[in-house]
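Single-structure report; data block below.
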Amino acid sequence: MANFTINSKVRLNSGYEIPLLGYGVWQTPADTCEEVVTHALKTGYRHVDSAAVYRNEAPCGAAIRNSGLKRDDIFFTSKVPARTLSYENTKAQVEKTLKETGLTYIDLMLIHAPYGGREARKAAWKALVDAQHEGKVRSIGVSNYGVHHLEEMEEYIQELEKEGNGKGGVISVNQLEIHPWCPRTDIVEWCQKRGIVVEAYSPLVRGQRMNEKVLQPLTKKYGKSEAQVLLRWSLQRGLVPLPKSVTPSRIEENADIFDFELTPEDMKTLEIDEYSPVCWDPTIIKLEQ
Ligand SMILES: NC(=O)c1ccc[n+]([C@@H]2O[C@H](COP(=O)([O-])OP(=O)(O)OC[C@H]3O[C@@H](n4cnc5c(N)ncnc54)[C@H](OP(=O)(O)O)[C@@H]3O)[C@@H](O)[C@H]2O)c1
């Protein structure tokens with residue numbers, strides 16, 4: 001872990017590599033997004049996390065295309081809107097994301113959340129598998145899926161596999177709200193057992209827990225900020241954190257996490273028996289919803 005650098009990547013079960021540190025752009029206004037993503041790329045981030053509903057895929061694409069970096073060196077994620085899942089809408093969203101960003105492929109396309117019921121989720125998944133076979137999307141996955149949603153998808157993939165090897169696709173990523181006050185150990189274990197990479201969204205608890213007592217001794221001991229300690233916790237849990245900031249100094253601060261390592265004892269102090277999400281929580285919705 002101590003050997004990790006800002007360039008570290010992990011191989012997904014699709015065969016493609018994903019940079020361990022991501023940069024999130026939820027609530028980043030479209031008119032400043034190109035500038036902040038450009039700053040993130042200059043700082044050394046190589047992984048940008050957007051979504052159709054963030055309404056900033058176009059400036060993300062512009063920053064990537066104008067960065068002077070090789071396209072293959074940058075990892076771009078988008079997500080299919082959750083409330084209108086269907087085969088046709090998912091297929092159309094892939095085309096729309098390609099058009100908006102001006103990219104020739106999307107590194108990772110996720111189903112944003114498991115709303116809409118079984119048939120809608122399955123249809124959306126099938127469209128992602130087809131988009132992957134067409135080379136429009138390199139890896140596919142889900143977001144905000146609880147274990148019951150994942151088990152449903154696993155069963156569906158096995159069903160599709162009967163039609164031929166590779167017809168079902170593989171879930172490469174599950175993206176979830178994860179931080180010490182919402183560790184989601186059950187879902188993380190389920191995914192990690194199957195080689196599914198877990199991405200941690202709201203890894204800074206949206207800035208709402210910076211004054212927590214448990215963080216103070218750690219910031220003092222390591223000479224690092226609360227944000228840096230939280231991101232390090234995420235990495236050391238085997239997660240891919242996606243911090244968001246529109247502030248240049250914070251963009252840099254959040255990437256400066258590769259020169260220290262939390263000891264196992266310090267990691268233990270961050271084992272907090274609490275389930276306090278700060279975002280929406282679709283992981284708990286029923287399969288019919
Ligand atoms: N799949 C999903 O359903 C889902 C849901 C939520 C988020 N996400 C993804 O995950 C990303 C991150 O999550 P998030 O935006 O909810 O929250 P977050 O990254 O936990 O926190 C962002 C907030 O923390 C502040 N901040 C950033 N760096 C800081 C630092 N070093 N010190 C103090 N405050 C700092 C930011 O302020 P400034 O920007 O003003 O600097 C912003 O208000 C999103 O952008 C998105 O890509 C996905």
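Remember, it's 1-based here, ligands and their atoms both numbered in the order they're listed. Below, all heavy atoms of this structure are taken into account, side chains as well, without hydrogens, waters or symmetry copies.
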Met210 N/O under 3.5 Å from ligand 1 N/O:
no
Glu253: numbered ligand 1 atoms lying under 4.0 Å from its heavy atoms:
30 (C), 31 (N)
Which atoms of ligand 1 sit under 4.0 Å from any heavy atom of His112?
1 (N), 2 (C), 3 (O)
Determine, step by step, whether Tyr222 and Phe260 satisfy the ring-ring contact (aromatic ring centres under 6.0 Å, His included) criterion, reporting the C-alpha distance in whole Å, the side-chain angles of both residues, the deciding distance to 0.1 Å, and the verdict.
CA-CA 7 Å; Tyr222 294 100; Phe260 76 112; 5.5 Å; yes
Please list, in number order, the atoms of ligand 1 under 4.0 Å from a heavy atom of Cys279.
6 (C)
No-hydrogen, no-angle side-chain donor-acceptor test under 3.5 Å, Ser78 and Glu57:
yes
Would you call Glu271 and Lys268 a salt bridge, taking side-chain N to carboxylate O under 4.0 Å as the test?
yes
Please check whether Val25 reaches ligand 1 - meaning an N/O of the residue sits under 3.5 Å from an N/O of the ligand, judged on distance alone.
yes
Any N/O pair Val246/ligand 1 closer than 3.5 Å
yes
Which ligand 1 atoms does Thr247 reach within 4.0 Å, using its non-hydrogen atoms?
38 (P), 40 (O), 41 (O)
Looking at non-hydrogen atoms alone, which of Leu204, Ile111, Leu176, Thr283 comes nearest to atom 20 (O) of ligand 1?
Leu204
Tyr23 to ligand 1, any heavy atom closer than 4.0 Å:
no
Leu21 vs His47, side chain to side chain contact (heavy atoms under 4.5 Å, CB included): CA-CA, chis, key distance, verdict
CA-CA 7 Å; Leu21 179 66; His47 170 179; over 6 Å; no
Do me a favour and list the nearest non-hydrogen protein atom to atom 2 (C) of ligand 1 with residue, atom name and distance?
Tyr201 CE2, 3.2 Å
Going by the 4.0 angstrom heavy-atom rule, the piece of Ser245 near ligand 1 is both
At under 4.0 Å between heavy atoms, is it the side chain or the backbone of Pro203 that contacts ligand 1, or both, or neither?
both
Tell me whether His179 contacts the main-chain N or O of Tyr201 through its side chain, where contact means a donor paired with an acceptor under 3.5 Å.
no
Do Phe76 and Ile64 have side chains that get closer than 4.5 Å, going by heavy atoms?
yes
Have a look at ligand 1 and work out which part of Lys244, if any, has a heavy atom under 4.0 Å from it: side chain, backbone, both or neither.
both
What orientation do Trp280 and Tyr115 show, parallel under 30°, tilted 30 to 60°, or perpendicular over 60°?
tilted
Top protein contact for atom 13 (O) of ligand 1, by heavy-atom distance
Ser202 N, 3.0 Å
Under a 4.0 Å threshold between the charged nitrogen and the carboxylate oxygen, would Lys167 count as salt-bridged to Glu161?
no
Nearest non-hydrogen contact to atom 47 (O) of ligand 1 from the set Thr77, Val53, Asn56, Asp49 belongs to Asp49
Arg206 and ligand 1 - part of the residue with a heavy-atom distance under 4.0 Å:
both
protein heavy-atom neighbour closest to atom 29 (C) of ligand 1 works out as Arg250 CD, 3.5 Å
Quick one: does Ser225's side chain have a donor or acceptor within less than 3.5 Å of a partner on Gln228's backbone?
yes
Counting non-hydrogen protein atoms only, what is the nearest one to atom 44 (C) of ligand 1? Give residue, atom name and distance.
Trp26 CB, 3.5 Å
Near Gln175 (heavy-atom distance under 4.0 Å), the atoms of ligand 1 are 1 (N), 2 (C), 4 (C), 8 (N), 9 (C), 48 (C)
If you count the atoms of ligand 1 from 1 in the order shown, which ones are under 4.0 Å from a heavy atom of Pro243?
19 (O)
Is the closest side-chain donor-acceptor distance between Thr77 and Asp107 under 3.5 Å?
no
Should the pair Asp72-Arg138 be classified as a salt bridge under the 4.0 Å nitrogen-to-oxygen rule?
yes
Within the 3.5 Å criterion, strictly below it, is a donor on Glu274 or Ser276 matched to an acceptor on the partner's side chain?
yes
Taking only Lys NZ, Arg NE, NH1 and NH2, and the carboxylate oxygens of Asp or Glu, determine whether Arg209 and Glu212 approach each other closer than 4.0 Å.
yes
For atom 28 (N) of ligand 1, what is the nearest protein heavy atom, given as residue, atom name and distance?
Asn254 ND2, 3.0 Å
Do the charged groups of Glu177 and Arg206 touch, with an N to O distance under 4.0 Å?
no
Should you measure from each heavy atom of Val205, which atoms of ligand 1 turn up under 4.0 Å away?
20 (O)
Do any nitrogen or oxygen atoms of Lys79 come within less than 3.5 Å of a nitrogen or oxygen of ligand 1?
no
Shortest protein contact, atom 11 (C) of ligand 1 (heavy atom only):
Leu242 O, 3.1 Å
